[in-house]
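Chain identifiers are assigned alphabetically (A, B, ...) following the order of the sequence lines, protein sequences preceding nucleic acid strands; residue numbering begins at 1 within each chain.
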Amino acid sequence: MSRGALVSWTNTELERSFKEIAELLELDGADRFRVRAYERAAAAAAAAREDLGTVERERLTEVEGVGSSTAEKIIEWREHGSMSLLEDLRARVPSGVRELTGVPGLGPKLARRLHDELGVDSLDALRAAIDAGDVAALSGLGAKRAENLRAGLSRLGGKDADRHPIGDVLPLAERLVRELEELPSARAAAYAGSLRRLRETIGDLDVLVATHHPGDVRAAVPELGPVAEVVSGGDRKLHVRSRSIDIGIDIRFVPPDAWGAALCYFTGSKAHNVRVRERAVRRGLSLNEYGLWRDETRIAGSTEEEVYVALDLPWISPSLREDTGEVEAGDSGHLPDVVEPADLCGDLHGHSDWSGDGRASLDEMVAAAASRGWDYWAVTDHAIGLAINGLDTDGFARRREAIAELRPRAGIAILDAVELNIAVDGSVDFDDAELAGFDLCVAAIHTQMDRPRDVQTRRVLTAMANPHVHVIGHLTGRKIGRRPPIDLDVDAVVAEAVRTGTALEVNGSPARLDLSGELVRKAVEAGATLTISSDAHEPGELRNVETGVGTAQRGWARAADVLNCRDADGLRAFVDEKRTGRG
DNA sequence: GCCGTTTTCGGCCCGACTGTTTTCAGTCG
Ligand SMILES: Nc1nc2c(ncn2[C@H]2C[C@H](O)[C@@H](COP(=O)(O)OP(=O)(O)OP(=O)(O)O)O2)c(=O)[nH]1
Ligand SMILES: [Mg+2]
Ligand SMILES: [Mg+2]
Ligand SMILES: [Zn+2]
């Protein structure tokens, strides 16, 4: 885990402590609004742009969601490294009770009763109590409830508690949406939830269907390709399990005229929804998944924009809907005009079969890039330093001829570019004379990912000092859920990127999303220039720029922050400035 | 526990589904 991704270690610790307080208070039967206050304090600590470990006491309550009580606890944590409320709760709430709420359908109220009335303090004890008939015998419970809990317990054994990398879920979601759209009874279908917001990991897949005939859609769902089984559901929603990967899918049916309001609801996040709905309430309105209402009259709901505008807000991009200040920013007109896919003038990282892992010819890649209406496309085949059939000097000379031959009929400017490999000492594949022959050089780490922080940091800083290195590709090298980011002093890297005029890539490959939204935010705040890249190895992957744009949005990046939102002249000026050196 | 262009007290998002409580609380989205 790269600590550099965070605003501060203290903020993360505060988030954890407030979350735990909220959870334990709930198990302890506390007032639910008090619980929510601590949940919000946790979210506020996570979203804070300042280090709460050093902010002056008087200014702590300026943070939305931090009042006098929370501020005192922050001070207490600073001075003693602990919070007495949390210690008390840990002592009062038996440790085994917490894991009980992980069982589907078992919430804080029942967990508490199981412990107090049956002495259940673990999942094993719960299983035994169900087998003994003690659970069914509790007042207010019965045989059915006990059996549901048994089923929930058995599902807990699998991997379904885990979150899934977004790159694994996206293809499944697209297949499911396509099949739902093809049903005659469905007017429209779309995925929503954390996937639409482009979170890095997905807990479950949420799919919305617009239909006048939910019964017909529901009847067709068990036969859809991606669906393994229907687990539960009613007239308006279904819960199913996926076949390809072990993930839950929530499918929600709504009338077509409520599409916008329903998309708002199902896209979330929950905290964003609550924030927006509170805003509606303060205006004497009510927002639900069927529309925005004044008394019994619907005043908005067919499109998302209609809903936001009726609440005096600009439409907020799904990637921003995390309740990290976007509603307040929208209210005051300070929501950044975040980068959109249409702002892109080209793509600065992509491959052809000239080098080892490209899966399409240069002609095919260029044609696909041109068909997107871009001004330019950089072909960044790998160089010799990488053991996957990278090109040597002669190879690039031959590719240069092919590019020259293709240019007159390409319909798009082709940048003769390269993806260099950054060796452990920070050097790259070619010397300056050879590098000067390229229109653009992207450099990235592909090997020796487990070196210590100081080595990796120096490695990247050295590469950025090279006047021919214009972009650092996929800075951390992480593969979501599969390979951790390299250990790096991100603040130092970002500062040096600004100083040397080196761009930092937002690699849009769904397996990477690197920079992450979090790091984008950090880079943008420091004034760094970004690129948004597909890293396409075949034409179908050019659309990775869209996940890249969404990730940049999560970091509140504007088009002005993004190098490949500049026209060809602007791009050339950036490249030349790096080569000729600055101040 | 937080918060205020109604408010410093009294509200706090809103709905689907389940089970057994004959009228709704708990859980989840
Ligand atoms: N208004 C409101 N909406 C909610 C609430 N809980 C969930 N939602 C909405 C917003 C969520 O994004 C959406 C889907 O719920 P999920 O539990 O699947 O969450 P989400 O997809 O955001 O994250 P995930 O990756 O699945 O954990 O439903 C709630 O308490 N109130
Ligand atoms: Mg979800
Ligand atoms: Mg869900
Ligand atoms: Zn690449």
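- Backbone-only contact: Val103(A) has heavy atoms under 4.0 Å from sugar-phosphate atoms and none from a base.
- Judged purely by distance below 3.5 Å, without hydrogens or angles, the side chains of Arg199(A) and Ser194(A) never pair a donor atom with an acceptor atom.
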Indicate every side-chain donor-acceptor pair of residues 126-144 of chain A with a distance under 3.5 Å to a residue at least two apart or in another chain.
{"from": "Arg127(A)", "atom 1": "NH1", "to": "Asp124(A)", "atom 2": "OD1", "distance (Å)": "2.9"}
{"from": "Asp131(A)", "atom 1": "OD1", "to": "Arg150(A)", "atom 2": "NH1", "distance (Å)": "2.5"}
{"from": "Ser139(A)", "atom 1": "OG", "to": "Arg113(A)", "atom 2": "NH2", "distance (Å)": "3.3"}

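- Using C1' as the reference atom, dC3(B) and dT8(B) are 9 Å apart when rounded to the nearest Å.
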> Just by protein heavy atoms under 4.0 Å, how would nucleotides 7-18 of chain B read 5' to 3' in B, S and -?
Replying inline: -----BBBSSSS
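- Comment: Arg40(A) engages Glu278(A) in a salt bridge, judged by a side-chain N to carboxylate O separation of less than 4.0 angstrom.
- The same atom, C1', is picked in dT20(B) and in dA25(B); the two are 12 Å apart, to the nearest Å.
- The pair Arg90(A)-Glu20(A) counts as a salt bridge, with a side-chain nitrogen and a carboxylate oxygen less than 4.0 angstrom apart.
- Whole-Å rounding puts the Glu328(A) CD to dG4(B) P distance at 10 Å.
- With rounding to whole Å, Asp206(A) atom CG is found 15 Å from dC28(B) atom P.
- With P as the reference atom, dT6(B) and dC2(B) are 24 Å apart, rounded to whole Å.
- Atoms CG (Leu110(A)) and P (dT20(B)) sit 12 Å apart, rounded to a whole Å.
- Contact annotation for Val35(A): no contact, since no heavy-atom pair falls under 4.0 Å across all strands.
- Among the atoms of the strands shown, none is found under 4.0 Å from any heavy atom of Gly268(A).
- Gly140(A) comes within 4.0 angstrom of a nucleotide base, judged by non-hydrogen atoms across all strands.
- Among the atoms of the strands shown, none is found under 4.0 Å from any heavy atom of Ser139(A).
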Report all side-chain donor-acceptor pairs from residues 254-261 of chain A shorter than 3.5 Å, counting only partners two or more places apart or in another chain.
none

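- A straight line from CZ of Arg145(A) to P of dG26(B) spans 10 Å, rounded to a whole angstrom.
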Contacts table for residues 223-236 of chain A: side-chain donor-acceptor under 3.5 angstrom, sequence neighbours left out:
{"from": "Arg236(A)", "atom 1": "NE", "to": "Tyr290(A)", "atom 2": "OH", "distance (Å)": "3.0"}

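- Defined by atom type and a distance below 3.5 Å, a donor-acceptor pair is missing between the side-chain atoms of Arg554(A) and Ser319(A).
- The CZ atom of Arg112(A) sits 18 Å away from the C1' atom of dT27(B) (whole-angstrom rounding).
- Nucleotide dT8(B) forms a pair with no other nucleotide shown, judged by Watson-Crick or G-U wobble geometry with both contacts under 3.5 Å.
- In this structure, a donor-acceptor pair under 3.5 Å is present between the side chains of Glu304(A) and Trp315(A).
- Between the CD atom of Glu147(A) and the P atom of dT20(B) there is a distance of 12 Å, given to the nearest Å.
- Taking the nucleotide of DNA chain B with the nearest heavy atom to each of Gly107(A) and Gly142(A), the more 5' of the two is matched to Gly142(A).
- Taking atom CD1 of residue Ile251(A) and atom C1' of nucleotide dC28(B), one finds them 17 Å apart after rounding to whole Å.
- Regarding Glu64(A), its CD atom lies at a distance of 18 Å from the P atom of dG1(B), rounded to whole Å.
- Here, dC13(B) and dT5(B) have their P atoms 15 Å apart, quoted to the whole Å.
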>> Set out, in order, the CA-CA distance, both residues' side-chain angles and the distance that settles side-chain contact (heavy atoms from CB on, under 4.5 Å) for Arg49(A) and Arg521(A), then state yes or no.
In response: CA-CA 10 Å; Arg49(A) 304 310 303 164; Arg521(A) 184 87 183 249; 2.9 Å; yes
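- Residues satisfying the salt bridge (Lys or Arg N to Asp or Glu O under 4.0 Å) criterion with Asp295(A), sequence neighbours excluded, are absent altogether.
- Across residues 189-201 of chain A, not one residue has a non-hydrogen atom less than 4.0 Å from an atom of DNA chain B.
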